[in-house]
Chemist: 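Here it is, the structure in full.
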Number of protein chains: 2
Amino acid sequence: MITHPDLLTIQQAAEQTGLSEHTLRYYERVGLLLPVDRAPNGHRRYAPDHLRLLQFLIKLRATGMPIEQMKEYAALIRAGEGNEGERLRLLLDHKQLVLARIQVLLDSLAVIDRKIESYQELHACINDDSVQAE
Amino acid sequence: MITHPDLLTIQQAAEQTGLSEHTLRYYERVGLLLPVDRAPNGHRRYAPDHLRLLQFLIKLRATGMPIEQMKEYAALIRAGEGNEGERLRLLLDHKQLVLARIQVLLDSLAVIDRKIESYQELHACINDDSVQAE
DNA sequence: CTACAACTTCGAGTCGACTCTAAGTCAAGC
DNA sequence: GCTTGACTTAGAGTCGACTCGAAGTTGTAG
């Protein structure tokens with residue numbers, strides 16, 4: 001196969017991003033990505049630009065952004081320059097949500113930690129008992 | 001209705017826990033909770049013990065523990081004393097997972113933050129331009 | 001006696017995000 | 001010419017965790 005520099009097959013794109021080929025096609029299907037370039041035989045060819053966007057979208061996913069909102073962000077990027085304010089707003093809003101979610105995680109974890117400590121104390125007591133019993 | 005002290009109807013339990021009545025019944029159905037006590041007419045009556053367990057299970061849920069694993073934990077509690085070591089292990093393992101997930105969130109958020117900053121700089125530049133233009 | 005509200009059950013439906021399947025195309029190697 | 005493997009498509013299936021709906025029962029208020 002003639003491998004054009006910088007143009008990746010779907011397999012290579014999957015490797016690079018950690019997404020499955022299925023998922024890459026799915027993202028395109030649902031309109032998260034614009035139709036990807038094609039080789040003469042119809043096969044997808046991912047350009048570095050695509051990959052960079054994908055890598056960033058993956059970070060949005062990792063922070064729990066729903067696909068619908070990722071679509072909004074991707075659409076803003078596609079629309080070109082001039083809407084950086086909107087992009088900024090979207091990202092800032094999302095950041096607040098993520099921080100809030102982390103806070104919930106930490107708060108809940110604190111409760112769980114108290115339970116953990118109580119079990120650990122119990123464990124220590126049992127050890128004490130057995131020491132005293134000996 | 002004769003409201004026995006401390007025994008809550010499903011509606012009251014839903015209020016107290018923030019879960020829906022549907023969800024309370026669902027948790028019981030899937031075996032997360034033991035069959036709840038019933039009033040003579042067959043209606044559920046939640047005892048303080050139930051409520052306390054629920055409150056804790058809700059913290060586990062909030063930290064993303066799947067229902068299957070919550071069932072394991074609830075089963076250990078039901079089994080009575082003597083398995084505190086297992087409970088401790090389960091909670092400690094879960095805690096590690098949660099901490100790891102928080103770390104992923106923070107790492108991804110750091111990437112998003114860099115993007116946010118770049119948009120903010122851009123924004124600042126535009127402001128500079130307009131100031132200079134005046 | 002009737003209306004109403006609060007429950008009951010069980011099964012079906014929803015949602016988001018994949019994930020997989022089947023059937024087809026195409027280029028390269030033997 | 002045939003097989004193999006990497007791709008293509010559209011549509012169906014899965015999974016977890018609810019969420020809802022329909023039909024029935026019970027107990028109280030008017």
Side-chain angles (χ1 to χ4, degrees), chain A residues 1-4 7-47 50 54 57-74 94 97 101 104 108, chain B residues 1-4 7-47 50 54 57-74 94 97 101 104 108:
Chain A
M1 189 204 303
I2 299 150
T3 46
H4 188 292
L7 289 187
L8 303 187
T9 65
I10 194 167
Q11 199 179 53
Q12 293 167 326
E15 258 172 52
Q16 293 255 333
T17 58
L19 300 173
S20 72
E21 303 178 22
H22 283 307
T23 301
L24 284 170
R25 294 195 197 96
Y26 165 72
Y27 277 2
E28 195 175 336
R29 243 196 314 178
V30 298
L32 182 54
L33 273 50
L34 273 186
V36 175
D37 303 335
R38 300 300 177 119
N41 62 2
H43 290 191
R44 287 174 179 78
R45 289 293 176 268
Y46 291 84
H50 266 111
L54 264 173
L57 291 178
I58 286 166
K59 296 300 176 187
L60 294 181
R61 276 296 297 119
T63 51
M65 182 182 286
I67 292 219
E68 276 309 304
Q69 204 175 349
M70 289 167 65
K71 277 167 70 173
E72 280 179 50
Y73 182 77
H94 179 60
L97 275 180
R101 290 204 296 109
V104 169
S108 302
Chain B
M1 189 204 303
I2 300 152
T3 45
H4 187 292
L7 288 187
L8 303 187
T9 66
I10 194 167
Q11 199 179 53
Q12 293 166 327
E15 258 173 52
Q16 292 255 335
T17 59
L19 300 174
S20 73
E21 303 178 23
H22 282 308
T23 302
L24 284 170
R25 292 194 200 97
Y26 165 72
Y27 278 2
E28 196 175 334
R29 243 196 313 177
V30 299
L32 182 53
L33 272 51
L34 272 187
V36 175
D37 302 335
R38 300 301 177 117
N41 61 4
H43 291 192
R44 287 174 179 79
R45 288 294 176 270
Y46 290 84
H50 266 112
L54 263 173
L57 291 177
I58 286 166
K59 296 301 176 186
L60 294 181
R61 276 294 299 118
T63 50
M65 183 182 286
I67 292 221
E68 277 308 306
Q69 204 175 349
M70 290 166 64
K71 278 166 69 174
E72 280 179 50
Y73 182 77
H94 179 60
L97 275 179
R101 291 203 296 108
V104 168
S108 302

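A note on names: the letters A, B, ... follow the listed sequences, proteins ahead of strands, and every chain is numbered from 1.
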Chemist: Apply ring pair (Phe, Tyr, Trp, His ring centres under 6.0 Å) to B:Tyr27 and list each qualifying residue two or more places apart in sequence or on a separate chain.
Modeler: none
Chemist: Map B:His43 and B:Glu68 onto DNA chain D by nearest heavy atom, then report which one ends up closer to the 5' terminus.
Modeler: B:Glu68
Chemist: Answer with base, sugar-phosphate or nothing: what part of the nucleic acid does A:Arg44 contact at a heavy-atom distance below 4.0 Å?
Modeler: sugar-phosphate
Chemist: Compare the minimum distances between each of D:dA17, C:dC18, D:dT8 and the side chain of A:Tyr26, then state the nucleotide with the smallest one.
Modeler: C:dC18
Chemist: Scan residues 57-67 of chain B against DNA chain C and write down, sorted by residue number, each residue with any heavy atom closer than 4.0 Å; if none is found, say none.
Modeler: none
Chemist: Go through the structure and list residues passing side chain to side chain contact (heavy atoms under 4.5 Å, CB included) with A:Gln69, not counting sequence neighbours.
Modeler: A:Met65, A:Pro66, A:Glu72, A:Leu90
Chemist: For the helix from C:dC1-D:dG30 to C:dC30-D:dG1, how many degrees between its two end axes (five pairs per end), to the nearest 10°?
Modeler: 30°
Chemist: Side chains of B:Lys59 and B:Arg61, heavy atoms from C-beta outward: is any pair under 4.5 Å?
Modeler: no
Chemist: Would you say B:Thr23 places a side-chain N or O within less than 4.0 Å of OP1 or OP2 belonging to D:dA17?
Modeler: no
Chemist: Would you mind reporting whether B:Thr23 and B:Thr17 have side-chain heavy atoms less than 4.5 Å apart?
Modeler: no
Chemist: Name all residues meeting the side-chain hydrogen bond (donor to acceptor under 3.5 Å, both in side chains) criterion together with A:Thr63; count only those two or more places apart in sequence or in a different chain, and write none if there are none.
Modeler: A:His94
Chemist: The criterion is side chain to side chain contact (heavy atoms under 4.5 Å, CB included); which residues satisfy it with A:Tyr26, sequence neighbours excluded?
Modeler: A:Arg29, A:Val30, A:Ile67
Chemist: Could you tell me the separation between the CG atom of A:Leu24 and the P atom of C:dT19, rounded to a whole number of Å?
Modeler: 12 Å
Chemist: Locate the shortest heavy-atom distance separating B:Gln12 from B:Leu7; write the atom from each residue and the value.
Modeler: OE1-O, 4.1 Å
Chemist: Closest heavy-atom contact between A:Leu60 and A:Met70?
Modeler: CB-CG, 4.2 Å
Chemist: Got a sec, which residues hit side chain to side chain contact (heavy atoms under 4.5 Å, CB included) with A:His50, two or more places apart in sequence or on another chain?
Modeler: A:Val36, A:Tyr46, A:Ala47
Chemist: Which whole-number value in Å describes the distance from B:Tyr46 OH to C:dT8 C1'?
Modeler: 12 Å
Chemist: Taking only N/O atoms, report every protein-nucleotides 10-12 of chain D pair under 3.5 Å with atom names and distance.
Modeler:
unit_1 : atom_1 : unit_2  : atom_2 : d
D:dG11 : N7     : A:Arg29 : NH1    : 3.1
D:dG11 : O6     : A:Arg29 : NH2    : 3.4

Chemist: According to side-chain hydrogen bond (donor to acceptor under 3.5 Å, both in side chains), who are the partners of A:Arg44, at least two apart in sequence or on a separate chain?
Modeler: A:Glu28
Chemist: Rounding to an integer number of Å, can you tell me how far B:Arg25 CZ sits from D:dA22 P?
Modeler: 16 Å
Chemist: Without decimals, in angstroms, what is the distance between B:Leu8 CG and C:dC7 P?
Modeler: 11 Å
Chemist: Can you sort out the partners of A:Glu21 under side chain to side chain contact (heavy atoms under 4.5 Å, CB included), two or more places apart, ordered by chain and number?
Modeler: A:Ile10, A:Gln11, A:Ala14, A:Arg25
Chemist: From the options C:dT19, C:dT8, C:dC7, select the nucleotide whose nearest atom is closest to the side chain of B:Glu21.
Modeler: C:dC7
Chemist: For residues B:Gln16 and B:Leu8, determine if any side-chain heavy atom of one lies less than 4.5 Å from a side-chain heavy atom of the other.
Modeler: yes
Chemist: Closest to the B:Ile10 side chain: D:dT9, C:dA17, C:dT8?
Modeler: C:dT8
Chemist: For A:Thr9, which of A:His43, A:Glu15, A:Arg45 qualifies under side chain to side chain contact (heavy atoms under 4.5 Å, CB included)?
Modeler: A:Arg45
Chemist: Kindly give the atom pairs (protein nitrogen or oxygen, nucleotide nitrogen or oxygen) under 3.5 Å for nucleotides 1-5 of chain D.
Modeler:
none

